[in-house]
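Below is one structure, written out as structure tokens; comments come after it.
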Amino acid sequence: MIFGLTVAFVLVAMVTVAGAMGAAVMRNVVHCALSLTVTFAGLAILFLQLDAQFAGFAQVLVYVGAVAILVVFAILLTRGVGTSLIYVFSKQWTLGLGIAAAVFALLGWAVLKSFPVSGPVAASEVTVKDIGAALMNQYVLPLEITAVLLTVAMIGAVIVAMPEKKVKEGEQ
Amino acid sequence: MTPLAAYLLLAALIFAIGLAIALTRRVAILVLIGIELMLNAANLNLIAFWRFGPHPEALTGMMFAIFSIAVAAAEAAVGLGLVIAYYRHRKTTDLDAMTRMKG
Amino acid sequence: MMAQETTGQAWILANLWLIPAIPMVAAGAIALLKQPKRRTAATLAIGGLAISFLLSVAAFAHVLSAWGHGGATRDVFNFGWLSMGETSLQLGWVLDPLAAVMLVMVTFVGSLIFIYSVGYMAHDENFTRFFCFLSLFAGAMLGVIIANSLLLLFMCWEIVGLTSYLLIGFWYHKPSAAAAAKKAFLTTRIGDIFFLLGIAWLFSQTGTTLFYNYGAGAIEPGALAALLAQPGAVGLTAAGAIGLLIFAGAAGKSGQLPLHVWLPDAMEGPTPVSALIHAATMVAAGVYLIARVYPLMAAGAGPGQTTVALTVVAWIGALTALFGALVAVAQNDIKRILAYSTVSQLGYMMVGLATGGVAVGMFHLITHAFFKALLFLGAGSVIHGCHDEQDIRKMGGLRAEMPATFITYMIGMLALSGFPIFFSGFWSKDAIVGAAHAWPGSQGPFILLLVGALLTAFYMTRQIAYVFFGQWRGHDHAHESPRVMTVPLGILAFFAIALGVLGTPLWPWFTAFIQSKPLEVDWHGFSEPGLLPLMSFATLLVFIGLGVGWRLYGSKPTRSASELDPVARSLPVVSGWLANRLYFDELYEATVLRWYAGLAWLSDWLDRRVWSGIVSGVASGFGGLGWFNKAVDNEWIDGGFDKGCEELVTGGGLLAWLQAGRAPGYLRLLGIGFLLLAGLALLVGAVSGQVRL
């Protein structure tokens with residue numbers, strides 16, 4: 001127990017943060033994407049640690065399984081001929097860094113200075129059945145909306161990424 | 001430090017790192033990666049609060065997080081499609097070169 | 001009102017308004033006809049007036065029966081016309097002996113003249129228009145007669161004036177006719193202004209314009225007593241002053257001095273018009289009006305006295321009588337002689353009213369209507385027969401060619417001259433002369449009237465001699481007029497003789513009827529002191545006039561048209577004056593008209609220079625204002641606006657660097673914004689105590 005936290009937590013946290021930092025500083029974009037995948041996995045473990053098993057597995061399935069692959073594909077599709085000699089960081093990277101640091105400071109300060117929440121530490125048993133029932137009863141509306149959203153997003157993405165037809169010159 | 005505070009701090013750190021990626025890197029896709037990281041940090045926040053909150057049996061926090069995951073995935077797909085479309089036109093994904101909206 | 005009157009008799013009173021209304025409706029119907037329907041127009045007009053005649057006879061019979069029963073002979077029918085708050089203006093009509101005789105006379109003579117016009121205007125292309133106007137005139141004149149309210153009378157009076165204008169200027173394309181019509185209208189208008197003032201004054205003093213209203217009328221004893229109680233000036237009471245104002249209107253319509261100038265010029269109209277309007281009826285309207293308001297003018301005079309108002313009337317009438325007779329001596333137009341004769345005879349009527357009362361004046365009016373209409377229609381027949389020649393010097397010897405016209409004309413002439421016994425004119429004129437002699441005011445009118453009688457006989461003989469005796473001095477042959485024209489002449493001639501019966505001292509029917517006194521044969525009528533000597537003297541004067549006239553004109557007939565008149569030869573200067581109508585028109589021309597023209601010029605100058613100048617000035621002012629506005633707009637406002645826009649562009653340029661179009665920049669801004677917001681939220685939370693800092 002380091003600072004009242006379990007060792008497992010500290011380890012996983014360090015892995016996650018390392019992955020995130022990797023995504024931030026690596027030169028090769030593909031390396032960034034892979035590092036991101038490590039982060040996603042770390043987060044999944046953290047979810048599991050928090051007794052949100054379904055969320056954890058959903059995280060693995062969706063993020064690690066789909067989003068990361070998608071990002072890699074997109075990077076490969078937009079890579080251009082040869083490794084481009086792009087500067088890694090943009091011209092005003094200091095400002096961006098400063099803002100990020102300020103945000104972290106603010107949030108950290110808010111967390112550390114708040115009242116301690118004294119809630120039940122005991123975990124509750126959440127079964128998939130419960131989740132399914134909740135989805136169908138309380139959260140049926142968000143469920144349906146999300147379904148619509150996913151459909152729309154899929155169609156939209158297809159349309160956006162579709163190659164345009166060449167316009168015939170005489171028809172303008 | 002309570003466990004909750006530790007998780008929250010971690011989530012804040014990941015959030016800040018994601019923000020830094022979005023604000024400082026030059027490749028368009030990395031901005032999207034940064035956004036995904038930020039969303040994930042928010043999810044972590046949600047789950048932590050759910051776990052250490054007063055009513056874990058209400059499932060509110062977890063459901064929120066699950067929906068967030070779904071929406072984030074959809075948004076990532078669309079965003080990447082946009083980047084691909086832009087790349088087709090301009091043959092580049094350099095953010096600093098994307099100044100066509102100037103003026 | 002007698003309660004046991006049958007519905008038939010009371011009906012005529014309630015429907016008295018039909019008498020003027022029917023000819024007016026006929027006029028309206030004719031106006032709506034298409035032009036060439038001559039027979040329909042004539043039928044409508046004559047039929048309308050004939051129906052009015054029958055109704056007038058019925059009214060006359062009603063009054064007669066009321067007189068015979070010894071009851072009240074005056075009936076009124078009043079109705080409210082306009083209510084202004086609490087007071088209301090009442091109108092109405094009255095049926096009394098005065099109105100009854102006038103109704104019968106006007107409708108009868110009018111009908112005859114209408115029938116005559118069918119023949120006279122047969123060749124005129126505006127036949128229907130003529131009958132429309134004639135009918136309208138008849139309706140309006142009848143309205144004047146039965147009006148019980150000064151206001152209603154004035155309204156019909158004005159319509160009469162209008163139709164007179166329309167008929168005098170009937171041949172409007174003749175400039176002289178149009179000018180004569182305008183002159184008539186304007187001259188009578190001057191009189192009407194005073195008339196209206198009189199009405200207004202009377203209304204303000206008595207509160208009503210009704211003549212008779214069961215004791216509350218404006219000329220009934222109650223109102224008169226109130227008027228007399230007011231202070232007067234120069235011996236003139238308020239009643240007398242009002243009466244004189246009304247007399248001014250009557251003087252205009254009846255051609256008294258000095259408003260007589262329109263009457264001779266009015267001969268420009270067709271002869272039936274002259275006969276109807278300017279001999280028998282319209283000019284008589286003035287006399288009728290004075291007869292109506294006689295109580296007003298005679299108020300305040302006891303027996304053996306006379307009022308100032310009546311004195312004025314008598315003197316003006318006498319002077320008019322003399323003037324008309326004098327000028328008639330030197331005229332050469334057949335109608336002009338008759339016109340001045342009418343002026344003169346109207347003067348007689350006014351003197352009769354002023355000195356002898358309503359009956360005396362009205363009797364002469366009635367007889368005069370018949371024989372003057374007869375004379376005018378006869379003159380028309382002569383003109384028609386001489387192919388529209390009107391100068392008597394170019395006529396002559398028509399006795400043989402136009403016998404019917406000659407005989408009837410002689411009868412009319414003798415009646416007008418006052419030839420004794422057989423002719424109505426003698427009785428009526430003698431009554432006036434007798435009244436003037438007995439007048440307590442002065443003997444001046446009496447003397448003037450006698451001179452006038454002499455001159456009347458003289459000029460009428462002159463006219464007859466020129467026209468009917470001697471040789472024919474004209475161009476083509478003359479011919480007799482058709483029967484449709486000569487039959488009315490005959491009828492009128494009959495009445496010119498017969499009416500005399502009604503006014504003899506032996507049997508004073510007319511006086512008794514008008515005054516509603518019981519009538520009895522007065523066997524001692526002729527033995528009144530001074531009556532027979534007076535009558536003989538007047539007759540002597542008439543014979544002298546006839547004799548002198550015959551001697552000068554008849555016994556030595558003029559041979560050619562250019563031969564000088566004997567009077568003109570012997571008294572050239574006087575004759576010249578008379579021929580020029582004593583220069584009244586020239587006098588007016590030089591004074592009133594010139595002054596009026598000057599006023600008109602001044603008004604025009606004022607309008608064109610001053611008022612227009614002001615308006616132009618205001619307009620220029622606005623123009624200047626507009627120019628200034630434009631300058632301000634261009635320089636300051638537009639310029640300022642442009643400057644402002646330039647500044648905006650510059651400012652926009654400065655701010656444009658924000659819009660670099662680079663997504664990371666926007667993101668950074670987002671980040672900064674988030675920081676600020678979050679900081680703010682935490683601060684607020686800290687302040688409210690939810691966040692422990």
Side-chain angles (χ1 to χ4, degrees), chain A residues 3-5 9 13 16-17 20-21 23-24 29 32 36 39 43 46-47 50-52 54-55 58-59 62 66-67 70-71 74-75 77-78 80 86-91 93 96-97 99-100 103-104 107-108 111-112 116-117 119 124 126 130-131 134 139 142 146 149-150 153 156-157 160-161, chain B residues 1-6 8-10 12-21 23-27 29-30 32-33 36-37 40 44 47-48 50-54 56-57 59 62-63 65-67 69-71 73-78 80-85 87-88 91-96:
Chain A
F3 298 116
L5 304 167
F9 170 75
T16 311
V17 173
M21 289 301 291
V29 191
C32 294
L36 187 69
T39 313
L43 275 167
L46 282 169
F47 284 167
L50 283 170
D51 296 312
F54 188 76
Q59 168 89 357
V62 174
V67 174
L70 192 59
V71 168
I75 290 169
L77 277 173
T78 60
I86 344 170
Y87 295 103
V88 177
F89 298 102
S90 80
K91 291 197 196 94
W93 61 274
L97 199 62
I99 292 170
V103 168
F104 175 64
L107 287 172
V111 168
L112 287 173
V117 176
S124 54
V126 178
D130 294 333
I131 292 173
Y139 300 102
T146 311
L149 179 73
L150 287 171
V160 163
Chain B
M1 184 176 307
T2 57
L4 176 60
L8 292 181
L9 216 53
L10 177 63
L13 186 59
I14 297 175
F15 185 84
I17 293 170
L19 189 60
I21 293 174
L23 291 184
T24 56
R25 291 300 291 260
R26 234 170 126 144
V27 178
I29 295 181
L30 276 173
L32 284 163
I33 287 172
E36 290 303 318
L37 263 182
N40 272 294
L44 184 61
I47 299 293
W50 170 73
R51 173 67 177 80
F52 296 106
E57 67 279 5
L59 291 178
M62 184 144 84
M63 300 317 295
I66 287 170
F67 282 119
I69 290 170
V71 173
E75 167 257 327
V78 175
L80 288 168
L82 276 172
V83 173
I84 291 172
Y87 176 79
R88 272 216 203 90
K91 303 289 186 265
T92 178
T93 52
D94 182 4
L95 274 179
D96 280 348

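Throughout, a chain's letter reflects where its sequence line sits, starting with A, and its residues are numbered from 1.
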I need the minimum non-hydrogen distance between [X] and [Y], along with the two atoms involved.
| X | Y | value |
| --- | --- | --- |
| R25(B) | A24(A) | NH1-O, 2.6 Å |
| A55(A) | I69(B) | O-CD1, 4.2 Å |
| A157(A) | A77(B) | CB-O, 4.1 Å |
| A70(B) | L150(A) | O-CD2, 3.8 Å |
| I21(B) | A20(A) | CD1-O, 4.0 Å |

Given that the side chain runs from C-beta out, which part of [X] has a heavy atom under 4.5 Å from chain B: side chain, backbone, both or neither?
| X | result |
| --- | --- |
| L36(A) | side chain |
| V62(A) | side chain |
| L43(A) | side chain |

[X] [atom1] to [Y] [atom2] distance, which is reported to the nearest 0.5 Å:
| X | Y | atom1 | atom2 | result |
| --- | --- | --- | --- | --- |
| L80(B) | T78(A) | CG | OG1 | 8.5 Å |
| I75(A) | L30(B) | CD1 | CG | 6.5 Å |
| T39(A) | I14(B) | OG1 | CD1 | 7.5 Å |

Heavy-atom side-chain proximity of [X] to [Y] below 4.5 angstrom:
| X | Y | answer |
| --- | --- | --- |
| Y87(B) | L77(A) | no |
| M63(B) | I131(A) | yes |
| I17(B) | F104(A) | no |
| L46(A) | L10(B) | yes |
| Y139(A) | I66(B) | no |

- [ ] For chain A, find which of L8(B), I84(B), I47(B), V83(B) contributes the most heavy-atom pairs closer than 4.5 angstrom.
- [x] I47(B)
Open item on the list: Can you tell me which of I29(B), V71(B), L32(B), N40(B) forms the most heavy-atom pairs within a distance under 4.5 Å of chain A?
Closed with: N40(B)
TODO: Go through the steps for V160(A) and V78(B) under the test side chain to side chain contact (heavy atoms under 4.5 Å, CB included), then give the verdict.
DONE: CA-CA 8 Å; V160(A) 163; V78(B) 175; 5.5 Å; no
Open item on the list: Run L19(B) and I99(A) through side chain to side chain contact (heavy atoms under 4.5 Å, CB included) and show every step you take.
Closed with: CA-CA 8 Å; L19(B) 189 60; I99(A) 292 170; 4.3 Å; yes
